[in-house]
Amino acid sequence: MRKFIVSIDQGTTSSRAILFDLKGKPVFVSQLEFTQYFPKDGWVEHNPEEIWSTTQIVLKKVIQKSKSLKGKILTIGITNQRETTILWDKHTGKAVYNAIVWQDRRAVEYCNKLIKQKKETLIYNKTGLLIDAYFSATKIKWIIDNVPKAKQLIKQKRLLFGTVDCFLLWRLTRGTNHFTDATNASRTMLFNIATNKWDKQILDILKIPSHILPEVKDSSDDFGHTDPKITGESYSVTGMVGDQQSATIGQCCFESGSLKSTYGTGAFVLLNTGNKIIYSKNRLLTTIGYRINGKTTYALEGSIFIAGAGVQWLRDKIKFLKKAADSEKIIKKLKDNHGVYLVPAFTGLGTPYWNAKSRGVLSGLTRDTGISEIVRATVESVGYQTYDLFEAMKNDGLRPKIVRVDGGMVKNNWFSQFLSDIINIKVLRPKVDETTALGAAFMAGLKIGVYKSLNDISKNWSLDKKFSPKLKNKDRRKLIFGWQKAIKRTLIT
Ligand code: ADP
């Protein structure tokens, strides 16, 4: 009989369930998109019922498929869009407000207030995070302050908070298990990453009652069993991990110094720093990479807001491309970039600039500039932004030993080679590109003994293509110099 592990990958735009064989190969994928709500400028919401219903449907499809393959599902892992916040009534199971999505900016003013009150250092030292509306804490605060039902339920000790992993587990176990894992907890801005506990002092500052918070478990742990009324039979849930950490696990970045970079809409870079908490002087976030057997592995995280989204912009707004993949053919026709640079600061700049006000700049235009140069500048910009992020790490005394990449954009071979040239490090692309879902499956399998150790898990990683730096130092320096000039122009606001 074939044996499988199911990974539920609840993402920002869709819910997916994936059936993996025990070697980590995806056998079947079911996916459903759901509605994005934008009630006001800068606000982004999801309906928790839609998150739940789409997850249930894809999960059921995958269970059916396992049966038609005459296989057995050994266990389930969950990975999720991080920071997205749901508060619900533990008696009725109903959310008191829509899920406030990680991208939502409504709590900016409150964050500014905390910064004015000089809480930045305290919060950074405890949580590893820079105060930002992105994290769950101020989203919880907003719901408590603005939704009367939430206040009323707090008085009755009936209100529960969870990120999406926690909410799904609570629903899958029919309201019995209110658990999250350490990686998700570390993105709330309420969790002390050194003590591995919810932080009382921060909770007091934000006036968030501790009784609404879930119990924090390891990423590979016993999370309970699904209710057979929901899943037909009961399955154990033994892995839970936030999406970027899950991709790091899916890429088997278990050694200190190994790094994964995911190039989707934006890009997320995580560097494993082992059992050390490293505080960055260059605005990288410190976070929990995973926690196994009570032992925490830490990571440094950086983000680039616009990666593949730049290519999307070329396709959908500027209409230079029919499909994203056409970018490769167009770029290849050019010998060099003709001095054209695009800084895609469409929504500000992320690590290490963290400049919310800057906007995009296209520079170095001549009468000769055409579509190809602008397409090339857009794709190149993702390489340069990664260079800036790596420089920030270098200034913190860290140089990644291994760089593994994934996400839609790395299918572009030209981009992957350019990236290696600019950061001057080998770039490895794996065969399985479902790394995010795979990480949760690995964590789930580890708990039930399918894998004996992280080393054992690593044996399942296999290389699709290696990109080695080929560019001469002189040429690299010239390109980077041009980028730095363009960045200076962008930062004038
Ligand atoms: P997400 O998970 O954020 O939706 P994906 O990992 O699916 O993103 O990647 C999709 C992104 O990758 C899109 O923004 C798209 O523009 C970009 N992309 C896909 N294929 C290519 C390609 N061949 N060259 C450049 N960009 C690409």
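Counting convention: from 1, in listed order, for ligands and their atoms alike. Scope of the values below: all heavy atoms of this structure, side chains included, with no hydrogens, waters or symmetry mates.
Residue-to-ligand polar distances place Gln312 within reach of ligand 1: an N/O pair is separated by less than 3.5 Å. Considering backbone and side-chain N/O of Val311, none are found under 3.5 Å from N/O of ligand 1.
For the residue pair Glu33/Thr13, the side-chain donor-acceptor check at 3.5 Å is not satisfied. A side-chain donor from one of Asp165 and Thr163 sits under 3.5 Å from a side-chain acceptor of the other.
Contacts between Ser327 and ligand 1, counted as non-hydrogen atom pairs separated by less than 4.0 Å, involve the side chain only. Residue contacts with ligand 1, taken as heavy atom pairs separated by less than 4.0 Å, involve Ala309 solely via the backbone atoms N, CA, C and O.
Considering only non-hydrogen protein atoms, atom 16 (O) of ligand 1 sits nearest to Gly308 O, 2.9 Å. Nearest protein heavy-atom neighbour of atom 8 (O) of ligand 1: Gly264 CA, 3.4 Å. The shortest contact between atom 23 (N) of ligand 1 and any protein heavy atom is with Ala325 CA, 3.3 Å. In this structure, the protein non-hydrogen atom closest to atom 3 (O) of ligand 1 is Thr265 OG1, 2.6 Å. Shortest contact from atom 18 (N) of ligand 1 to any protein heavy atom: Ala324 CB, 3.8 Å. The protein non-hydrogen atom at the shortest distance from atom 26 (N) of ligand 1 is Met409 CG, 3.3 Å. With respect to atom 24 (N) of ligand 1, the closest heavy atom belonging to the protein is Asn412 ND2, 3.1 Å. Closest protein heavy atom to atom 20 (N) of ligand 1: Gly408 O, 3.4 Å.
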Original post:
Checking side-chain contact (heavy atoms from CB on, under 4.5 Å) for the pair Phe223/Ile76: CA distance, chi angles, key distance, verdict?
Top reply: CA-CA 10 Å; Phe223 291 93; Ile76 296 178; over 6 Å; no
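Aromatic pair Trp142/Tyr97: centroids less than 6.0 angstrom apart. Between Phe20 and Phe4, the ring center distance fails the sub-6.0 Å criterion. Ring-centre distance between His46 and Phe34: below the 6.0 Å cut-off.
Screening Lys260, Arg82, Glu301 for a side-chain hydrogen bond (donor to acceptor under 3.5 Å, both in side chains) involving Gln244 leaves a single residue, Lys260. Here the options are Tyr387, Phe467, Tyr263, Tyr384, the test is ring pair (Phe, Tyr, Trp, His ring centres under 6.0 Å), and the partner is Phe418; only Tyr384 passes.
Listed by number with element, the atoms of ligand 1 under 4.0 angstrom from any heavy atom of Gly407 are 6 (O).
Cation-pi geometry between Arg187 and Trp102 is not satisfied (NZ or CZ under 6.0 Å from the ring centre, within 45° of the ring normal).
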